[in-house]
Amino acid sequence: MANANNSEQVKPLAPAEYHLRSDYEDQAMSGGKLTLQHRRRCLQCFGCVTALLLVAVVIIIVIATVFHVKNPSIRMNSVTIQRLEFLNNSSVRSSGDENVTLLADVSVKNPNYNSFKYGNTTTSIYYGGVVVGEGHIPQAQAKARRTLRMNVTVDLNPEKFLTVPSLKSDILSRSLNMSSYTRIDGKIKLIKVLKKSVVLKMNCSIIYNISSQAVQQECRGQ
């Protein structure tokens with residue numbers, strides 16, 4: 001009986017359960033960590049690429065703005081002629097000591113984001129195809145997106161007027177038809193070592209009324 005009771009009371013222990021993790025499961029767990037790291041690296045790379053693209057776009061915009069060069073323009077705002085009294089002389093003669101002066105109000109407009117620098121310039125006045133006077137514009141610089149305004153003084157030579165055959169008829173009509181030509185050679189500074197050469201030309205027709213001494217001008221720039 002004792003043996004029977006003992007056999008009923010003593011039960012064999014259940015075998016312990018062991019879970020052996022396979023190499024595939026190890027790779028799966030480590031693969032999850034690698035995937036997370038890979039995503040982080042991808043996000044970092046994407047952020048770097050995006051930042052570089054934005055910087056490149058900004059640089060392109062700046063370069064396009066700076067290097068998009070427009071030609072400056074030259075304009076003659078007004079013209080005044082002083083001391084042409086010898087034309088009122090009935091004999092149309094010059095004593096040789098008259099001081100005839102043409103004053104021109106000239107402006108140079110620079111629409112660029114870079115300065116425009118030009119050298120010495122000459123303005124020539126023509127009457128009947130003859131150069132009757134020249135004025136000189138000193139070298140200067142038109143700052144970025146600014147208009148440089150200057151006064152040009154041209155000394156006219158009365159004796160050269162007298163060489164033009166049509167002078168007497170023009171005096172009778174009380175009107176002198178003259179013209180002017182101005183050429184400006186300069187450079188626009190793009191960067192420290194790069195400049196663009198620019199040539200400005202202006203042709204003007206000038207009508208001087210001998211009676212009223214009024215001047216009308218019409219100009220065409222190139």
Side-chain angles (χ1 to χ4, degrees), residues 65-66 68-88 94 98-162 164 166-167 170-171 173-190 195-222:
T65 301
V66 172
H68 180 63
V69 178
K70 298 179 181 179
N71 283 338
S73 59
I74 181 173
R75 178 181 178 183
M76 185 177 289
N77 303 302
S78 63
V79 176
T80 304
I81 299 178
Q82 300 176 345
R83 294 183 291 273
L84 266 176
E85 289 82 2
F86 78 96
L87 295 179
N88 293 319
S94 171
E98 292 93 345
N99 185 14
V100 183
T101 305
L102 183 147
L103 300 176
D105 179 7
V106 179
S107 59
V108 176
K109 182 179 180 181
N110 180 19
N112 298 288
Y113 288 93
N114 313 88
S115 60
F116 171 56
K117 187 176 182 179
Y118 57 88
N120 295 328
T121 303
T122 299
T123 296
S124 300
I125 305 298
Y126 295 85
Y127 171 63
V130 177
V131 178
V132 294
E134 287 185 342
H136 300 284
I137 302 174
Q139 62 181 2
Q141 177 176 285
K143 296 182 179 180
R145 301 182 66 81
R146 297 289 181 88
T147 298
L148 177 64
R149 197 161 180 172
M150 68 201 85
N151 291 319
V152 181
T153 302
V154 181
D155 292 327
L156 303 179
N157 189 337
E159 293 183 355
K160 291 186 176 181
F161 277 89
L162 299 177
V164 178
S166 61
L167 178 61
D170 289 340
I171 291 177
S173 66
R174 310 305 292 169
S175 177
L176 292 182
N177 294 325
M178 295 178 286
S179 63
S180 69
Y181 174 74
T182 303
R183 173 185 171 123
I184 294 179
D185 294 276
K187 293 182 179 181
I188 296 177
K189 185 177 180 181
L190 302 179
K195 299 178 181 180
K196 179 183 177 181
S197 298
V198 175
V199 177
L200 304 181
K201 299 178 182 179
M202 181 176 62
N203 292 284
C204 297
S205 61
I206 302 171
I207 302 176
Y208 175 72
N209 188 302
I210 299 175
S211 299
S212 64
Q213 298 184 0
V215 180
Q216 294 179 346
Q217 81 274 358
E218 184 177 349
C219 299
R220 178 172 54 88
Q222 300 178 359

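Nothing fancy with the numbering, it's 1 onward along the sequence. All values below were derived from every heavy atom in this structure, side-chain atoms included, with hydrogens, water molecules and symmetry-related copies excluded. Owing to the predicted nature of the structure, the values given are computational and were not obtained by experimental measurement.
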Checking [X] now: which residues fulfil side chain to side chain contact (heavy atoms under 4.5 Å, CB included) with it, not counting sequence neighbours?
| X | result |
| --- | --- |
| Q139 | N120 |
| A144 | none |
| S205 | E218 |

Legend entry - Selection residues 124-149 - residue pairs positive for ring-ring contact (aromatic ring centres under 6.0 Å, His included), sequence neighbours left out: Y127-F161
Got [X] and [Y] here, is their nearest side-chain heavy-atom distance under 4.5 Å?
| X | Y | result |
| --- | --- | --- |
| Y118 | Q141 | no |
| L167 | L162 | yes |
| V131 | Y181 | no |
| Q217 | C219 | yes |
| N151 | T153 | no |
| T122 | S124 | yes |
| I206 | V215 | yes |

Specify the closest pair of heavy atoms between [X] and [Y], including all atoms of both residues, with the distance to one decimal.
| X | Y | value |
| --- | --- | --- |
| G133 | L156 | CA-CD2, 4.1 Å |
| N114 | L190 | ND2-O, 3.4 Å |
| P72 | N110 | CG-OD1, 4.1 Å |

Inset, instruction - Verify the neighbour count for atom CD of E134: are there more than 12 heavy atoms of other residues, nucleotides or ligands below 6.0 Å? - result: yes
Inset, instruction - Check the pair S197, V199 against side-chain contact (heavy atoms from CB on, under 4.5 Å), reporting the backbone distance first and the verdict last. - result: CA-CA 7 Å; S197 298; V199 177; over 6 Å; no
Inset, instruction - Any pair with a residue in residues 136-153 that passes salt bridge (Lys or Arg N to Asp or Glu O under 4.0 Å), sequence neighbours left out, goes on the list, sorted by first then second residue, please. - result: D105-R149
Euclidean distance, [Y] [atom2] relative to [X] [atom1], rounded to 0.5 Å:
| X | Y | atom1 | atom2 | result |
| --- | --- | --- | --- | --- |
| I81 | T101 | CD1 | OG1 | 10.0 Å |
| K70 | Y113 | NZ | OH | 8.0 Å |
| K189 | N112 | NZ | CG | 14.5 Å |
| T182 | M76 | OG1 | CE | 5.0 Å |
| I125 | D155 | CD1 | CG | 11.0 Å |
| I207 | N177 | CD1 | CG | 5.0 Å |

Inset, instruction - Walk me through it: do V106 and I74 pass the test side-chain contact (heavy atoms from CB on, under 4.5 Å)? - result: CA-CA 7 Å; V106 179; I74 181 173; 3.9 Å; yes
Legend entry - Stepwise side-chain contact (heavy atoms from CB on, under 4.5 Å) check, V198 with K187: CA-CA 5 Å; V198 175; K187 293 182 179 181; over 6 Å; no
Inset, instruction - Taking ring-ring contact (aromatic ring centres under 6.0 Å, His included) as the test, write out the residues that go with Y208, two or more places apart. - result: none
My understanding is that only residues two or more places apart in sequence, or in another chain, count here; which of them pass side-chain hydrogen bond (donor to acceptor under 3.5 Å, both in side chains) with [X]?
| X | answer |
| --- | --- |
| S180 | none |
| S179 | none |
| N209 | S212 |
| D185 | R183 |

Inset, instruction - Classify the side-chain pair R174/S211 by whether it contains a donor and acceptor separated by less than 3.5 Å. - result: yes
